[in-house]
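Sharing a structure with you now.
One-based numbering, in listed order, for ligands and for the atoms of each.
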Amino acid sequence: EGEKREREMEVRELGRTGLKLSCVGFGASPLGNVFGTVSEEEAIASVRLAFQSGINFFDTSPYYGGTLSEKVLGMSLKALGVPRNSYVVATKCGRYKDGFDFSADRVTRSIDESLERLQLDYVDILQCHDIEFGSLDQIVNETIPALVKLKEAGKTRFIGITGLPLGIFSYVLDRVPPGTLDVVLSYCHYCLNDSALEDLVPYLKAKGVGIINASPLSMGLLTQAGPPQWHPASPQLKSACQDAAAHCKEKGKNISKLALQYSLLNKEITSVLVGMKSVEQVEENVAAARELATCGIDEEAVSEVEAILKPVKNQSWPSGIQQS
Ligand code: NAD
């Protein structure tokens, strides 16, 4: 039965970790109610369907919903009743509801708190969350060495960093001993409106780190319903994405499906994390991946949407503090 599940979703290797992740990963930030309220029943059913459909990678953080996402994900994974090594769990440290703290002391306590909420003995990946909000030199000299110790203690199998501005990844990777970091998680930089991550892929491969791409729907920009209130995009970017969504709808097409498929095309990127909060969204996203594997992408729709988004291509938004 396990084999049957694997056949249903492509898996890709994550850098040098030996982990094989489903190409679609389950982003659990919506389980922290950041995109509207999700009931426990819906969360459990969504995680179950995802797992049964071949999704084996689940990403969360103590920040999402002020620890709620970790608790709900932990409960939902437990409800699966499957062996621990049949799924991969990533969480983060350093970013919390009440702010950032990348000190060795805080991240060392953080993993124990996360493991308790997740009801796990270890996580597969522990990442410093949104490092552009901290001092990158502290990340290099203090936080990452603390994560290395947590890895040695068996609390996490692998370690990584996440954030928005792409320059943070090379800043850190150029300053830690080779092989220290196992994975980077980039978001909103490999989707229909912004593919800036592409240029960094050869560098990341040369450094031997696995690449995870989050937010293929640009945190809601590339959806028919549009982004949540807190979305940081400029009015111009929001309106261009709205135009693209309207264009797809007019043609009887679905912008979210196209967006996810676009992000899945680059096989150097191991897994695309899409935030899911309902059984229906899991069904749609699994179907999108299967359709891509069997029929390929709708090239015409991609070109049309790319033309609409051209004026805002690779337009991002400020994130973090100015590094000195
Ligand atoms: P996303 O681009 O995946 O968009 C999520 C939004 O799209 C949600 O509102 C979701 O309900 C909706 N959605 C999902 N499937 C849909 C479908 N088929 N049709 C219409 N709407 C659909 O953005 P995200 O959730 O922010 O990112 C995905 C995951 O990546 C997060 O949950 C998180 O785990 C991870 N992530 C990490 C970082 C970081 O570490 N700094 C940043 C961003 C995201």
Side-chain angles (χ1 to χ4, degrees), residues 24-38 42-43 46-47 49-50 55 57-65 68-70 72-73 88-95 100 125-134 160-166 168-169 183-194 197 212-233 241 245 248-249 253-264 269 271-289 291 316-317 319-320:
V24 175
F26 190 105
S29 71
L31 303 189
N33 292 342
V34 301
F35 291 97
T37 308
V38 183
E42 191 73 24
S46 302
V47 167
L49 179 66
I55 293 177
F57 177 39
F58 299 85
D59 178 79
T60 183
S61 163
Y63 173 63
Y64 300 149
L68 183 64
S69 167
E70 284 191 330
V72 174
L73 179 64
V88 172
V89 179
T91 193
K92 310 192 185 85
C93 59
R95 179 167 203 176
F100 292 85
I125 306 170
L126 179 64
Q127 301 155 115
C128 308
H129 195 172
D130 292 341
I131 59 171
E132 70 269 28
F133 287 91
I161 49 177
T162 85
L164 184 73
L166 290 169
I168 58 175
F169 297 124
V183 45
V184 302
L185 184 161
S186 160
Y187 72 100
C188 290
H189 286 308
Y190 200 91
C191 42
L192 276 170
N193 61 298
D194 184 337
L197 176 62
I212 293 165
N213 167 40
S215 310
L217 313 182
S218 285
M219 304 192 303
L221 283 180
L222 300 169
T223 61
Q224 186 57 45
Q229 267 300 300
W230 51 258
H231 200 292
C241 290
C248 288
K249 193 174 181 208
K253 291 171 184 175
N254 180 336
I255 186 124
S256 301
K257 179 173 95 173
L258 193 70
L260 177 57
Q261 291 180 334
Y262 175 89
S263 295
L264 286 168
I269 292 168
S271 191
V272 175
L273 279 168
V274 52
M276 295 185 252
K277 63 172 186 184
S278 66
V279 166
E280 192 191 349
Q281 286 184 349
V282 175
E283 276 168 356
E284 280 184 27
N285 296 331
V286 167
E291 186 192 278
S316 194
W317 45 84
S319 178

- prompt: Are any side-chain N or O atoms of S46 and backbone N or O atoms of E42, one a donor and one an acceptor, separated by less than 3.5 Å?
  reply: yes
query: What are the two closest non-hydrogen atoms of V24 and V274, and how far apart are they?
result: CG1-CG1, 3.8 Å
message: Can you list every protein residue that has a heavy atom under 4.0 Å from any atom of ligand 1, sorted by chain and residue number?
response: G27, A28, S29, P30, F35, D59, Y64, K92, H129, D130, T162, L185, Y187, A214, S215, P216, L217, S218, M219, G220, T223, S256, L273, V274, G275, K277, Q281, E284, N285
- prompt: In chain order, what residues pass the side-chain hydrogen bond (donor to acceptor under 3.5 Å, both in side chains) check against K249, with sequence neighbours excluded?
  reply: none
- prompt: What side chain to side chain donor-acceptor pair (under 3.5 Å) pairs are there with at least one residue in residues 215-231, not counting sequence neighbours?
  reply: N193-S218
message: Against the six-membered ring of Y63, is R95 placed for a cation-pi contact (under 6.0 Å from the centre, within 45° of the normal)?
response: yes
task: Just jot down the side chain to side chain contact (heavy atoms under 4.5 Å, CB included) partners of A90, sequence neighbours excluded, or say none.
output: F57, D59, I125, Q127
